[in-house]
Amino acid sequence: MDATLDRVGALAPVFGRAFVEEPMTLWSLGGHGDVEARLTSAFSCFLEQVVGLGLVSEATGGVGAAVWIPPDRFKDWAVHPWSHPQIIAVAEDGRRYDAFWDWVGCHHPAQPVWLLDSLAVEPAAQGRGLGRALVAAGLASARADGISAFLSTGTERNVEIYGRFGFRLAEAADAPEGGPTIYFMRWDP
C-alpha cells in the first residue's frame with residue numbers, strides 16, 4: 001500500500017530503528033549522540049519529500065516500508081531529497097556527508113534503473129516476510145517495465161539476503177576517508 005503524508009510520523013521511527021547500525025548511515029551521519037533520534041529526524045525529512053510522489057510503500061500498518069524510485073522520478077526534484085539542508089544539519093560533518101553520498105552516486109549505473117533507496121522493517125518484526133514482500137513488489141514493477149533494479153548497502157549480510165531475489169553483487173568498494181565497504185547490487189529482468 002502506498003504511504004500517505006500523514007504516515008510519515010509513524011514510518012520515520014521504523015526507519016530510524018532499522019538503520020541504527022547500518023554502516024552507510026552511521027558513516028554519513030556520524031555515530032554521536034542519540035543515533036536513533038537523528039536517523040528518525042533524517043528519515044522524517046526524507047519521507048516528507050518522497051511520500052507525495054508515491055515512492056513509499058508500507059506493509060502491515062507501517063511495520064515495514066520501502067522507498068522504490070523508478071527511473072523517471074529522479075527528475076521530480078531539483079535537489080535530491082537526501083541532500084535536504086535539514087538532513088545535512090544532523091550530520092556530524094556535512095562535508096563528509098556530501099562527499100560520501102556523491103561517491104555512492106558515482107557507482108550507480110548510467111542507464112535507467114529502479115532504485116531501492118531504503119527498506120526498513122521494525123526490528124522486532126524482522127524475519128516474518130515483510131521485507132520480502134516489499135522487495136518483491138518493487139521488483140515486480142521493474143520487471144513490468146523491463147528495467148533493471150539497483151541498490152547499495154553497507155551491511156554485508158544483506159548481500160546474501162538480496163541475492164535470494166536475484167540481485168547480484170556488481171561491485172564492493174571501500175568508501176573514501178576510511179569509510180565502510182559498500183556493496184552495490186544489481187537485478188536484471
Are the aromatic ring centres of Tyr97 and Trp27 under 6.0 angstrom apart?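 Distance test on ring centres: not under 6.0 Å, no.
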
Kindly say whether the aromatic ring centers of Phe150 and His108 come within a distance under 6.0 Å.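 Centroid separation for Phe150 and His108: below 6.0 Å.
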
Apply side chain to side chain contact (heavy atoms under 4.5 Å, CB included) to the pair Ile87 and Phe46, showing each step before the final yes or no. CA-CA 8 Å; Ile87 296 172; Phe46 173 70; 4.1 Å; yes

Measure the [atom1]-[atom2] distance between [X] and [Y] for me, rounded to the nearest 0.5 Å.
X      : Y      : atom1 : atom2 : answer
Leu47  : Ser118 : CG    : OG    : 7.5 Å
Leu115 : Ser152 : CG    : OG    : 7.0 Å
Leu139 : Leu134 : CG    : CG    : 11.0 Å
Leu119 : Thr153 : CG    : OG1   : 10.0 Å
Ile69  : Leu55  : CD1   : CG    : 6.0 Å
Asp188 : Arg143 : CG    : CZ    : 11.5 Å

Shortest non-hydrogen contact between [X] and [Y], atoms and distance:
X      : Y      : result
Ala66  : Leu116 : CB-CD1, 4.4 Å
Val50  : Val56  : CG2-CG2, 3.7 Å
Phe43  : Gly16  : CD1-N, 4.3 Å
Ala65  : Leu11  : CB-CD2, 4.0 Å
Leu130 : Ala59  : CD2-CB, 4.3 Å
Leu29  : Ala42  : CD1-CB, 4.2 Å

Check for me, please, whether [X] and [Y] land in the same ILVMFWY cluster - side-chain distances under 4.5 Å, paths through other members count.
X      : Y      : answer
Trp82  : Val35  : yes
Val135 : Val63  : yes
Phe15  : Val121 : no
Phe165 : Val67  : no
Phe100 : Ile88  : yes

Intermediate values then yes/no, ring pair (Phe, Tyr, Trp, His ring centres under 6.0 Å), Tyr183 and Tyr162: CA-CA 11 Å; Tyr183 305 92; Tyr162 288 118; over 10 Å; no

Show the numbers, then the answer: is there a side chain to side chain contact (heavy atoms under 4.5 Å, CB included) between Phe167 and Ile161? CA-CA 9 Å; Phe167 279 93; Ile161 292 168; over 6 Å; no

Under 3.5 Å, is there a donor on one side chain and an acceptor on the other for Ser148 and Trp187?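 Note: Ser148 and Trp187 side chains miss the donor-acceptor criterion.
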
Distance only, no hydrogens: is a donor on one side chain within 3.5 Å (strictly under) of an acceptor on the other, for Asp117 and Trp68?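 No - no donor-acceptor pair under 3.5 Å links their side chains.
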
Quick check against the 3.5 Å criterion: does [X] have a side-chain atom that pairs as donor or acceptor with the backbone of [Y]?
X      : Y      : value
Asp145 : Ile147 : no
Glu22  : Met24  : yes
Glu48  : Leu5   : no
Arg38  : Ala91  : no
Glu122 : Gly64  : no
Ser41  : Ala37  : no
Arg132 : Arg128 : no
Arg73  : Gly54  : no
Thr25  : Phe19  : yes

Crowded around [X] [atom1]? As in, over 12 foreign heavy atoms under 6.0 Å?
X      : atom1 : value
Glu160 : CD    : no
Arg157 : CZ    : no
Glu156 : CD    : no

Does [X] reach the side chain of [Y], with side-chain heavy atoms less than 4.5 Å apart?
X      : Y      : result
Trp101 : Ser28  : yes
Val8   : Val51  : yes
Pro180 : Ile182 : yes
Thr155 : Pro23  : yes

Considering only NZ, NE, NH1 and NH2 on the basic side and carboxylate oxygens on the acidic side, decide whether [X] and [Y] come within less than 4.0 Å.
X      : Y      : result
Glu58  : Arg7   : yes
Arg96  : Asp98  : no
Glu171 : Arg186 : no

Begin with the C-alpha distance, continue with both residues' side-chain angles, and end with the deciding distance and a verdict on side chain to side chain contact (heavy atoms under 4.5 Å, CB included) for Val104 and Phe184. CA-CA 9 Å; Val104 168; Phe184 300 95; 4.1 Å; yes

Taking it one step at a time, do Gln49 and His80 satisfy side chain to side chain contact (heavy atoms under 4.5 Å, CB included)? CA-CA 9 Å; Gln49 297 173 73; His80 193 284; over 6 Å; no

